[in-house]
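A quick write-up on the structure given underneath.
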Amino acid sequence: MKRNQFIRGLGITALTTPALIRNFSAEPEPQMDKAIVQEFVRVAHSDITKVKEMLAEYPNLLNAAHDWKYGDFETGLGAATHVGDKELASYFVDQGAQTDIFTACLFGHLDMLKSILAVFPKSLYAKGPHGFTLLHHAIKGEEEALPVKEYLESLGMKETKIPLY
């Protein structure tokens, strides 16, 4: 690279750097109101009408998680899943909520569960919201998730709620 090309390159960088600095030093977007997130997760345990109303007003609630303390994070989908509300859980999934291994167990997706466990075997012991296990979610899935329940039991899983605190 010739000296003139290098200096011209520095000039372009010098002209664009203040804009970059402004972008990085701008005030960050404010966090969602924690009370709204908590209320959303609370109603996501049972109230599809209220969930739809809140998502219409605050679309970013879809994947928002409330921290109940001690690392007990819960999303709306996590709430619907651990109580076994398949209609509400399906609604979340249809809206594009981030699904996980617990959702797979609720809906009886044995192939998905086996695939995840093949790559991440310790996920067998994963704890969902409030310490609920994969087996708990499969039990909540009832008949549809019976093969998942039986598979987890064949691996030695027992239905226990592991308190997080």
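Only a predicted model underlies this, so the values are computations on that prediction, with no experimental measurement involved.
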When you compare the side chain of [Y] with that of [X], does any pair of heavy atoms fall below 4.5 Å?
X	Y	value
N63	T75	no
Y58	V37	no
L124	L152	yes
E74	W68	yes
E153	K158	no
H45	D85	no
H137	T81	yes
S46	V83	no

Please name the pair of heavy atoms, one in [X] and one in [Y], separated by the smallest distance, quoted to 0.1 Å.
X	Y	answer
P121	A118	CD-O, 4.3 Å
D47	L88	N-CD2, 4.2 Å
A145	A138	CB-O, 3.3 Å
G131	K127	O-CD, 3.7 Å
A64	V41	O-CG2, 4.4 Å
V51	A44	CG2-CA, 3.7 Å

Does CD in E53 sit with more than 12 non-hydrogen atoms of other residues, nucleotides or ligands closer than 6.0 Å?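 Check passes, neighbour count above 12.
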Could you tell me whether D33 atom CG has more than 12 heavy atoms of other residues or ligands within 6.0 Å of it?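 Above 12, so yes.
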Decide whether a cation-pi geometry holds between K52 and Y91; the criteria are a distance under 6.0 Å from NZ or CZ to the six-membered ring centre and an angle within 45° of the ring axis. yes
How long is the straight-line distance from [atom2] of [Y] back to [atom1] of [X], given to the nearest 0.5 Å?
X	Y	atom1	atom2	result
L110	L117	CG	CG	9.5 Å
N60	I36	CG	CD1	11.5 Å
L135	K140	CG	NZ	12.0 Å
L77	Q95	CG	CD	11.5 Å
L61	L55	CG	CG	6.0 Å
R42	E39	CZ	CD	4.0 Å

Ring pair (Phe, Tyr, Trp, His ring centres under 6.0 Å) partners for H109, two or more places apart: none
Can M54 and V43 be said to form a side chain to side chain contact (heavy atoms under 4.5 Å, CB included), step by step? CA-CA 10 Å; M54 291 185 77; V43 301; 4.0 Å; yes
Quick one: do I139 and L146 end up in the same hydrophobic cluster if we chain Ile, Leu, Val, Met, Phe, Trp and Tyr together by side-chain heavy atoms under 4.5 Å apart?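 No, I139 and L146 fall in different hydrophobic clusters.
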With no hydrogens and no angle check, just 3.5 Å: does a side-chain donor-acceptor pair link D72 and H130?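 Present: a donor and an acceptor within the cut-off.
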Geometric class of the F40/F92 ring pair [parallel <30°, tilted 30-60°, perpendicular >60°]: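 Perpendicular.
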Relative to each other, are the rings of H82 and F132 parallel, tilted or perpendicular (30° and 60° limits)?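 The rings of H82 and F132 lie parallel, inter-plane angle below 30°.
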Test item: S123 side-chain N/O and A126 main-chain N/O as donor-acceptor pair under 3.5 Å: no
With clusters built from Ile, Leu, Val, Met, Phe, Trp and Tyr whose side-chain heavy atoms come within less than 4.5 Å, directly or transitively, what are the remaining members of the cluster of L106, listed by chain and number?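 Besides L106, the cluster holds F107.
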